[in-house]
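Presented below is the structure to which this report refers.
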Amino acid sequence: MQMVIGGWVSKTISEITQLHVPDLVKKHGPSTALELVERHGVRAHAPSLQRALRACASLGLFTEDAESRYGPTPLSDALTADSPVSIKAITEIFGRSWYTVWGGLGDALRSGEPQPKSRLGAEYWDFLRSNPKEMEEFGAAMKANSNGSLRGVLELWDFTGVKTVADVGGGFGHLALALLAKYPELRATVLDMPDLEPIVRAQLPSDPGVTARFTYQGGEMFADVPAAEVYVMKHIIHDWDDERCVALLQHCVRRMQGDGRVLCVDAVLPPAGDTSGTAAKLLDINMLVFIPGKERTLAEWTDPYRAAGLRVGHVLPIRDNFGTSIVEGVRA
Ligand SMILES: C[S@@+](CC[C@H](N)C(=O)[O-])C[C@H]1O[C@@H](n2cnc3c(N)ncnc32)[C@H](O)[C@@H]1O
C-alpha cells in the first residue's frame, strides 16, 4: 500500500512546497498552520493545511510537537529555495503540469503516444514554447534536478586542455557556467531554445571572468550545433527517439573539432534480468508519458552512437537522483 499511495505522497509534498511552507518554517522556526496562514502569508485554509502538514510530519518531512507546530528537518530543507541541494523547483512542477500529464499514463500505455497534446493542448516542447511561465518553471526544475549530475560531471570528467565545449540543450547554462568557473581557459556555448535567452541572461553570475567566455545561442538543435571540441548533452538523448538522436549525434560528429568527444549524460539502464535501477526505470515512464524518448540500456546506446559514426568509450556512473552516467562518444 505504501507504493500504491505514492501518488498521494508526491502530490501532497508538491502542494506544501508550492505554498513555500519548507522555506517559512526554516526562516521562522516551528509554526502552526494558523501561524503560517495569519503571520506568514500562506494562502491556505488553515485547518486543511494542518492536516497536510500532519501527514508530511508523519512522512518525516517536518518535526511536530503536541501543539501541532511543524518545524524544519534535513528533508524539508531540500525543498527550500536556498538549499545547496534544493529540489524545490522540480517538486513544484511535479504537482502542476506534470501531474496533469501523468493522468494520461493509461492512455500512453494503450496507445504508445505521449500525452501532453491531449492533456495540455500541445506536444510538450510546443507547450513550453507557447507558455513562457511554464518554460521558466521547467528550466528551473531541470536546474534543480541537475545539482547531483552536475557535480558528478565536474568530478568525473577532466576538461583540462579543452578549449571549447558546446552544451546542446543546455537549458539555463548551469553546467556550462560551472565548467567555466572550474576551467579558466575554457569557452562554452549553450544551444537551447531562443525564448530561454532572456532568463539565462538574467541569471548569469556576476563574475565577468566567467561570463566573458560564455555564449548563449538560441536555435534549433536539429538544424545545426555550434563547432566545439567537446559536446555535452545532459538529459537530451533520453528526450528523443533513435532517429532524432542519430541526427543530433551526427551534427556533433560533423562539427566536432580535433580529437573531440561527445559526452551524453543520461541513465544507462541495467540489462534485462537485472532489477536494479528503479529511479531510472521510473524516469523512463516519465519519458513514455511526455515525449517520444526513452531511457536506454548500454546495448540501446551503442546503436545510435554507431549509426552516427561514434563508438561508446568510457561509461562513468554519477551518483545522482536518477542513476545517471556519462556515456563517452569517441569518433569511430
Ligand atoms: C530535459 S531538458 C535538459 C536541460 C539541461 N541539459 C539539463 O540537464 O538540465 C531538455 C532541454 O532541451 C531543450 N530543447 C528541446 N528541444 C530543443 C530543440 N529542438 N532545440 C534546442 N533545444 C531544445 C529544452 O529547452 C531543454 O532545455
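All residue numbers refer to positions in the sequence shown, counting from 1. In each ligand, atom 1 is the first atom listed, and ligand 1 is the first ligand listed. Everything numeric in this text was worked out from a predicted model, so none of it was measured.
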Distance under 4.0 Å, heavy atoms only, partner ligand 1: which residues pass?
Trp125, Arg129, Phe138, Met142, Ser146, Gly169, Gly170, Gly171, His174, Asp192, Met193, Gly219, Glu220, Met221, Phe222, Lys234, His235, Ile236, Asp239, Trp240
Could you label the plane-to-plane angle of the His28 and His40 rings as parallel, tilted or perpendicular, counting under 30° as parallel and over 60° as perpendicular?
parallel
What is the ring orientation for Tyr216 with Phe214, classed by angle as parallel under 30°, tilted 30 to 60°, or perpendicular over 60°?
tilted
Using the test salt bridge (charged side-chain N to carboxylate O under 4.0 Å, His left out), find all partners of Arg306 that sit at least two apart in sequence or belong to another chain.
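Arg306: salt bridge (charged side-chain N to carboxylate O under 4.0 Å, His left out) contacts with Asp303.
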List for me each residue that meets salt bridge (charged side-chain N to carboxylate O under 4.0 Å, His left out) alongside Asp259, sequence neighbours excluded, and say none if there are none.
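In terms of salt bridge (charged side-chain N to carboxylate O under 4.0 Å, His left out), with neighbours along the sequence ignored, Asp259 is linked to Arg261.
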Distance-only check: which donor-acceptor pairs under 3.5 Å involve side-chain atoms of residues 192-199, not counting sequence neighbours?
from   : atom 1 : to     : atom 2 : distance (Å)
Asp192 : OD2    : Gly170 : N      : 3.4
Asp192 : OD2    : Gly171 : N      : 2.8
Glu197 : OE2    : Arg201 : NE     : 3.2
Glu197 : OE2    : Arg201 : NH2    : 3.1

Go through the side-chain N and O atoms of Ser68 and Glu64 and say whether any donor and acceptor fall under 3.5 Å apart.
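Not at all, the side chains of Ser68 and Glu64 share no donor-acceptor pair under 3.5 Å.
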